[in-house]
There are 4 protein chains.
Amino acid sequence: MNILTEKQRTEKAEKIADTALQLFQTRSFGSITMSQIAAKSGVGKGTLFNYFETKENIFMRLLLSGYQDYFENLIQDFQKLPSQVSVEEFSNFMINQTQYLIRDKSVLVRLNALRAPVLEGRANMDQTLAGRQVLYETSQRLGQVISEHVTFISKSEASHLFIVQSAIISGLMNMMGLDEFDHEQLSPKFTDFKINLETDAIQTLKFYLTGFFASKKQ
Amino acid sequence: MNILTEKQRTEKAEKIADTALQLFQTRSFGSITMSQIAAKSGVGKGTLFNYFETKENIFMRLLLSGYQDYFENLIQDFQKLPSQVSVEEFSNFMINQTQYLIRDKSVLVRLNALRAPVLEGRANMDQTLAGRQVLYETSQRLGQVISEHVTFISKSEASHLFIVQSAIISGLMNMMGLDEFDHEQLSPKFTDFKINLETDAIQTLKFYLTGFFASKKQ
Amino acid sequence: MNILTEKQRTEKAEKIADTALQLFQTRSFGSITMSQIAAKSGVGKGTLFNYFETKENIFMRLLLSGYQDYFENLIQDFQKLPSQVSVEEFSNFMINQTQYLIRDKSVLVRLNALRAPVLEGRANMDQTLAGRQVLYETSQRLGQVISEHVTFISKSEASHLFIVQSAIISGLMNMMGLDEFDHEQLSPKFTDFKINLETDAIQTLKFYLTGFFASKKQ
Amino acid sequence: MNILTEKQRTEKAEKIADTALQLFQTRSFGSITMSQIAAKSGVGKGTLFNYFETKENIFMRLLLSGYQDYFENLIQDFQKLPSQVSVEEFSNFMINQTQYLIRDKSVLVRLNALRAPVLEGRANMDQTLAGRQVLYETSQRLGQVISEHVTFISKSEASHLFIVQSAIISGLMNMMGLDEFDHEQLSPKFTDFKINLETDAIQTLKFYLTGFFASKKQ
DNA sequence: AATGAATGAGGTTTCATTCAT
DNA sequence: GATGAATGAAACCTCATTCAT
């Protein structure tokens, strides 16, 4: 166990982060304690702080690596597509992705909402920026791949599009649950306040893409 | 001073909430302490808790009353308009409102992002729901007024539209600052990550409204 | 309980310090924990840190106030004596005091041994120096009173004499227990290493005083 | 490198202890960390614990071997002296030794002050007692040699005298620095609190020896 | 009603010590 | 035997919240 390779170190960090992620699936950032993460990870509290300076750093890493993985997968997915993809096909792809993000990656979106108001205040800047740099590069590669497959969209626009996609989901998620309180369903339903995340996100994104491509074709 | 009138009590609560609001203009929820709010309000720390059960309650109140005021003003504004308003005029109105929210009411949007993940866990449910009930009724009145002025949009749709509007702004705000860290500008700019809140929000809302009205006209 | 008077605050601090003192009677500085002090004082751990920045501060206070009390009592005792006291009577007085320090105030001497190597590194400098200033003034008054009663000894010399007295006791105490290990008596007795604190301290002080007064009379 | 000779093992232990000693010249026991000792020794942190069960063991060894060397040297020095040494010559010898201890072996004296309150609680008893046994025997030999050279002092008395000598120096050292705080000189000088270690120790020892020999001659 | 002292939960930090390799 | 990662104990610290007056 003498000297850990970078890989081993990374794996351990991932194990810890993974535990945090599991806790975050069902609980809020504020209600998760470092002691819980340590206990559930099967490591000592001291070890936690060997790997992550602060609680915020753990979640910042989850955010960055979550998006990193997501973007990498998107690149893979895209590279499997035929060389030319129509605007409609691309829109459908984006819509499917939206559904996927919502169904399977909602923690990512929840983490997004914490980034500026909660995490950045106490996360390590250098680590965060290093991660963000890598993520940006991945995002650029993704944009590149998309622009190669889809006429009417540049690398920059494609890269930016995923920011907008996350914004739409994240924003709708922020506004969700007005018919609940702290995840408890309320009897007097505030029907018109109610967000149906999947439906509303897809619709909003559809409108956005339609508007976007319409503006390009002019 | 042993027994306060309802008015005195409300005024004091408002003074406290107002102080919290001022602090929230420039700082994050987590970095604002009850001691600071007490000191800046000119009351004792204990007094805070005579008026608000928890820190979260203060901010929940700011959220609810902020939207309450905003919706009331919208109703007023709308009632001044001619009896019929075209879709285009209505869209412009919404865009102006978006700009207004961003420029002058950004705290409202920031509070929105805190509601579910931070505030609800520790805010008083009954008070929150009472406020939300009032807000919902106001929102319904607003929807009513709008549906009376604008063909093609029902009361429910109008009411819901403001949720979507907030979602769009809130979501984009969540994704802002990827070219900053904790409000410090970064030298290597992540250009394609960068959100221009006003431009992007207006564009997204425009696309949304276009799509929305297009779907209605079919 | 609203605003504590200086006196109340001092009393609370004393209660805490007193608990620490009791623990220190039978245990070492290192083995006493802040949690123990809190629990035994009947106050919360937070309160401890309201009153004492660090564990070392608690013990520094014990040292300073212990000597403060001791010197004050000495002044009182001395003022009760006839206006002139012979060298021999004074020597006897010092020897009795030595016995008293050893029997009843040994913690003071033990604290002395911690001061420089342990406490100063983490005790609050300003507080410590304020306490030391007061102590110095008391020591000066004590020296003054003594010099008034005893020919052949100046204020400065008298004041300094108590430092030497503590040094002798403290030094012998440091060398004690070489026939023990961690307060457990050993079977193979290192007879010539053995310090009999009272006997040795009194003898050493006697020699010192004899030498001191002899040097004055020349 | 799997099996070390006894010599290799001893040398490594000495290298570690030596490093600890060097650090202790300028810093306190508490502020020296095992990591620092490891790094400065050029060995791994774990290796430290192959050679010394605890941090306290390292310093206990320094104390014991330091005194061991010191006593051995004294025996050597004494054996070089003429067969009969006058009380005055012996006193001068002791005073020179005092100066030597203070100037060149002050760490020994500082370690003495740690022994009971800090080290014994966590040092290995058997090792410590073995070392102390050897030291005691050396001290007895030293006492023997002295008693052979100096009339009026027995082996036991001579052996014990070195304990008193260390006590005097150690005690005065404990009381030093009342005109400093954590080794920083203070501007308002507490003149009468000030210990001049060499002067005060020599004077005190002189008085002690004078008194001691006076009591023998009666 | 108003207050600030008291509280305790939990994050952070340091470090001697243990342990797997 | 050597190593550094892992560990846990305890200091330290902040802060929302409680409570006695």
Side-chain angles (χ1 to χ4, degrees), chain A residues 1-5 8-9 12 30-38 41-57 122, chain B residues 1-4 8-9 12 30-39 42-58 122, chain C residues 1-5 8-9 12 30-38 41-57 122, chain D residues 1-4 8-9 12 30-39 42-58 122:
Chain A
M1 187 204 286
N2 219 349
I3 291 189
L4 295 194
T5 60
Q8 286 173 311
R9 194 173 165 78
K12 188 98 178 216
S31 72
I32 297 169
T33 73
M34 290 297 262
S35 298
Q36 288 163 358
I37 297 172
S41 299
V43 302
K45 222 194 319 183
T47 310
L48 235 57
F49 287 92
N50 271 347
Y51 284 86
F52 297 96
E53 287 172 44
T54 60
K55 183 182 170 188
E56 284 77 7
N57 263 2
R122 306 187 46 83
Chain B
M1 196 205 274
N2 234 10
I3 293 184
L4 297 190
Q8 287 174 310
R9 192 170 166 78
K12 196 153 219 169
S31 73
I32 297 170
T33 71
M34 290 300 261
S35 294
Q36 287 163 359
I37 296 173
V43 303
K45 221 190 326 180
T47 309
L48 249 49
F49 291 87
N50 287 341
Y51 289 87
F52 296 95
E53 284 174 46
T54 61
K55 182 185 175 187
E56 286 77 9
N57 262 4
I58 302 181
R122 308 185 44 81
Chain C
M1 189 204 283
N2 218 349
I3 292 189
L4 295 193
T5 60
Q8 286 174 310
R9 194 171 165 79
K12 189 98 178 215
S31 72
I32 297 169
T33 73
M34 290 297 261
S35 297
Q36 286 164 359
I37 297 173
S41 299
V43 302
K45 225 199 308 190
T47 309
L48 236 57
F49 287 93
N50 271 347
Y51 283 86
F52 297 97
E53 286 172 45
T54 59
K55 183 182 169 188
E56 284 78 7
N57 263 2
R122 306 187 45 81
Chain D
M1 194 206 274
N2 233 11
I3 291 182
L4 296 190
Q8 285 175 312
R9 193 171 165 77
K12 194 154 221 170
S31 73
I32 297 169
T33 71
M34 290 300 261
S35 295
Q36 287 163 0
I37 297 173
V43 301
K45 221 193 321 182
T47 309
L48 250 49
F49 291 86
N50 286 342
Y51 289 87
F52 297 95
E53 284 174 47
T54 61
K55 182 185 174 187
E56 285 77 8
N57 261 5
I58 302 180
R122 308 185 43 81

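Chain letters run A, B, ... following the sequence lines, proteins first and then strands; every chain starts at 1.
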Counting only side-chain heavy atoms from C-beta out, which of dT17(E), dT12(E), dA11(F) sits nearest to Lys45(D)?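 Given the options dT17(E), dT12(E), dA11(F), the side chain of Lys45(D) is closest to dT17(E).
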
By nearest atom, which of the nucleotides dA16(F), dA11(F), dT7(F) is closest to the Asn50(A) side chain?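 Nearest to the side chain of Asn50(A) among the choices is dT7(F).
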
With a 4.0 Å cutoff (strictly under), does any side-chain N or O of [X] reach OP1 or OP2 of [N]?
{"X": "Lys55(B)", "N": "dA16(F)", "result": "yes"}
{"X": "Arg122(A)", "N": "dG11(E)", "result": "no"}
{"X": "Tyr51(B)", "N": "dA1(E)", "result": "no"}
{"X": "Lys12(C)", "N": "dA6(E)", "result": "yes"}
{"X": "Thr47(A)", "N": "dT7(F)", "result": "yes"}

I want to confirm an ordering. Mapping Ser35(A) and Val43(C) to their closest nucleotides on DNA chain E, which one lands closer to the 5' end?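 The answer here is Val43(C).
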
What I'd like to find out is whether the side chain of Lys45(B) reaches to under 4.5 Å of the side chain of Ile37(B), using heavy atoms alone.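 Lys45(B) does not reach Ile37(B) side chain to side chain.
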
Earlier contact from the 5' end, DNA chain F, for Gly46(A) and Phe49(B):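 Taking each residue's closest nucleotide, the earlier one in sequence belongs to Gly46(A).
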
Most 5' of Gly42(A) and Glu56(C) on DNA chain F, judged by nearest nucleotide: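 Mapping each residue to its closest nucleotide by heavy atoms, the 5'-most match is Gly42(A).
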
Which atom names give the shortest non-hydrogen contact between Arg9(D) and Tyr51(D), and what distance separates them?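 Result for this residue pair: O-CE2, 3.4 Å.
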
Identified pairing partner of dA16(F), criterion: Watson-Crick or G-U wobble below 3.5 Å: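 Because both required distances fall under 3.5 Å, dA16(F) counts as paired with dT7(E).
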
How long is the span from the CG atom in Leu48(C) to the OG atom in Ser35(C), to the nearest 0.5 Å?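 That separation rounds to 8.5 Å.
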
